[in-house]
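Have a look at the structure below, then the notes.
Start at 1 and go down the list; that is how both ligands and their atoms are numbered.
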Amino acid sequence: MEISIKSGSPEKQRGACVVVGIFDQRKLSLAAEQIDKAAKGYLTDILRRGDMDGKQGASLILHNVPGIASERVLLIGLGKEREFRDKPYFDAIRAALKALADIGVGEASLYLAEVPVKKRDLSWNIEQAALLANEAVYRFDQMKSKPEDNKKQLGKLTLALQNRADVAQAEAAAARGQAIAGGVKMAKDLGNLPGNVCTPTYLAEQAKTMAKEFGLGIEVMEQAEIEKLGMGSFLSVAKGSDEPPRFIVLTHKGADKKQKPVVLVGKGITFDSGGISLKPGAEMDEMKYDMCGAAAVLGAMRAAAELKLPLNVTGLIATCENMPSGRANKPGDVVTSMSGQTIEILNTDAEGRLILCDALTYAEKLDPACVVDIATLTGACVIALGHVATGLLSNHDTLARELLHAGEAASDRCWQMPLWDEYQDLLKSNFADMANIGGRAGGTITAACFLSRFTEKYDWAHLDIAGTAWKSGKEKGGTGRPVGLLVHFLSKRAE
Ligand code: BES
Ligand code: MN
Ligand code: ZN
């Protein structure tokens, strides 16, 4: 999707369609007013007749409006002006994109991104419009023998502004939106790919291709090198599968060599069957999404490179399958992690933490400014926060606050849970330094407590994306979250 910013009045826009907003009770937005003036009261006339009232969700397409250069004018209901917040804005942009798709126009000028949204600025409006436009045209049909719909798609969207002084700010916001959208698309595609295609080897190949295209450094380690590093916990999960594991290191060098890197760590389980502690059958297909943390790291690294962020960022991905077999981990097995700490595996389905702990120990060697891991770690997080907020746990309050703010600014929110010492006791083991599970209560917290034992030497935060990385049901598909949050976090750090 091509997005451009343009200043100029709506009546003069040539092209297939101009889109303007109408507030509840037929109140015209600024752009609608101008159309109305140029068309000598044509809009007010139509509104008075009651064809369109400006209620949220309403839309009306007009052809050959007198005095208007564009072929069509699309009116979009914005609801009450006083209540024009995030959600009504998203709904309005989505309604416009849906109407444009239904008509089948290839290009349009949108005068909705200039409408003020409560507590937001123009940059946010523009970035979100760019993201929604990309979301609207997203299709995943790589696995279909032929594409499902061959209707003409919107290919070019102009986000129009009346005020020329706003153009530079809007262009920067559009560029950020487009970079996030590119990362989101990459994360969605990788998530949606089936487990028999998106294997650890495939993930590493995709990382290489992306790194080459965007100028990132990359190193991919195979079994022997991972063994040499002493990642006994990670390898214990991998050994149950016939697919070989990979450990991927991506580097974006945007700043002076001496600047410590921000390190992102992704969980890349390309399929989580649970292992010997086998998961129940229902919805097990969704465990192909268990690599969405890794996908988000790739997406965020891609965006950081595209935006040329003046910051050093390193992405680490531990990727393997979690399968039952004669070589798989068994409940009761004890393994030794790269840190030297031993772990009693009481449940082989708590595998995410077993691969992450070694990646987090590896991160220590990079002398990081901070480390953020991203993982579809616990079903308990879905119970706690649903599909709206990503779980956030951290050993450093300032870092946690940065991530909370980044999520707010990106409209890709997270919510903090406690990481108090009282929870640590639940990980006690009679046979090793710790157990890999803490029981049903506080499952997201005890999982983070486990990870915290490998992150004592640096500032660290953990994002549990189990509820936010993909959607189930009729709209099943990857969301690309939390690429937006991560890009905002990195951008702010780069300032
Ligand atoms: N990948 C799952 C977590 C998950 C489950 C994410 C469902 C999204 C939806 C993870 O590896 C897992 O199986 N966790 C267990 C941990 C338990 C055994 C302590 C869980 O959450 O049930
Ligand atoms: Mn699992
Ligand atoms: Zn898992």
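Not a single heavy atom of Arg440 sits closer than 4.0 Å to an atom of ligand 1. Look at Phe450 and you'll find every heavy atom at least 4.0 Å from all atoms of ligand 1. Using a non-hydrogen distance threshold of 4.0 Å, Met287 registers as a contact of ligand 1. Using a 4.0 Å heavy-atom cutoff, Glu283 is absent from the residues neighbouring ligand 1.
In terms of polar-atom proximity, defined here as any N/O pair under 3.5 Å, Lys267 does make such a contact with ligand 1. Any N or O atom pair closer than 3.5 Å counts here, and Thr376 shares at least one such pair with ligand 1. Close N/O approach between Arg353 and ligand 1 is not found [any backbone or side-chain N/O within under 3.5 Å]. Of the polar atoms of Asp272, at least one N or O is found under 3.5 Å from an N or O of ligand 1, judged by distance alone.
Closest to atom 10 (C) of ligand 1, if we only count protein heavy atoms, is Leu377 O, 3.3 Å. Summary of contacts: the protein heavy atom closest to atom 1 (N) of ligand 1 is Asp290 OD1, 2.8 Å. Looking at atom 8 (C) of ligand 1, its nearest protein heavy atom turns out to be Trp470 CH2, 3.4 Å.
For atom 17 (C) of ligand 1, the candidate residues are Ala447, Ala350, Gly439, Cys292; the nearest heavy-atom contact is made by Ala350. In this structure, of Ile269, Asp349, Asn322, Thr446, the residue bringing a heavy atom nearest to atom 13 (O) of ligand 1 is Asp349.
Every atom of ligand 1 with a heavy atom of Ala466 under 4.0 Å away is listed here by number and element: 6 (C), 8 (C). With ligand atoms numbered from 1 in the order given, ligand 1 contributes 19 (C) to contacts under 4.0 Å with heavy atoms of Ile437. Residue contact check: Gly379 has heavy atoms under 4.0 Å from atoms 3 (C), 4 (C), 5 (C), 20 (C), 21 (O) of ligand 1. The atoms of ligand 1 that sit less than 4.0 Å from any heavy atom of Glu351 are 11 (O). Interface of Asn347 with ligand 1, defined as ligand atoms under 4.0 Å from a residue heavy atom, comprises 18 (C).
Under 4.0 angstrom from ligand 1, the non-hydrogen atoms of Lys279 all belong to its side chain.
Residues Glu243 and Pro200 approach most closely at CB-CD, 4.2 Å, considering heavy atoms.
Counting only distance, with no hydrogens or angles, the side chain of Ser429 and the backbone of Ala435 share no donor-acceptor pair below 3.5 Å.
Relative ring orientation between Tyr362 and Phe247 is described as perpendicular, the plane-to-plane angle rising above 60° on a 0-90° scale split at 30° and 60°. Between Trp460 and His462, the ring planes lie parallel to each other; the angle is under 30°, not in the 30° to 60° tilted range. By the 30° and 60° cut-offs, the orientation of the rings of Tyr289 relative to Trp470 is parallel.
Side-chain contact annotation: Thr378 with Thr444, donor-acceptor N/O pair under 3.5 Å present. There is no side-chain donor-acceptor pair under 3.5 Å between Glu351 and Asn436. With 3.5 Å as the limit, one finds a donor-acceptor pair spanning the side chains of Ser277 and Thr348. Residues Gln341 and Ser339 have side chains that bring a donor and an acceptor to within less than 3.5 angstrom of each other.
Restricting Glu351 to its N/O/S atoms, the shortest distance to the Zn ion (ligand 3) is reached by OE2. Nearest N/O/S atom of Asp272 relative to the Mn ion (ligand 2): this is OD2. Asp272 contributes OD2 as its N, O or S atom closest to the Zn ion (ligand 3).
The side-chain contact (heavy atoms from CB on, under 4.5 Å) test with His488 singles out one residue from Asp412, Leu403, Ile180, and that residue is Ile180.
Atom 22 (O) of ligand 1 is not flagged as protein-proximal [any protein heavy atom, distance under 4.0 Å].
Within a 6.0 Å radius of NZ in Lys239, more than 12 heavy atoms belonging to other residues, nucleotides or ligands are found. The number of heavy atoms from other shown groups lying within 6.0 Å of NZ (Lys55) does not exceed 12. Around the CG atom of Asp425, the shell of radius 6.0 Å holds more than 12 heavy atoms that belong to other residues, nucleotides or ligands.
Using a cut-off of 2.8 Å, one finds that Lys267 contributes an N/O/S atom close to the Zn ion (ligand 3). Among the atoms of Asp290, an N, O or S atom is found under 2.8 Å from the Zn ion (ligand 3). Residue Glu351 counts as close to the Mn ion (ligand 2), with an N, O or S atom under 2.8 Å.
Judged by a 6.0 Å distance limit and a 45° cone about the ring axis, Lys185 is not positioned over the six-membered ring of Tyr138.
Classification of Lys208 and Glu205 as a salt-bridged pair holds, one side-chain N sitting under 4.0 Å from a carboxylate O.
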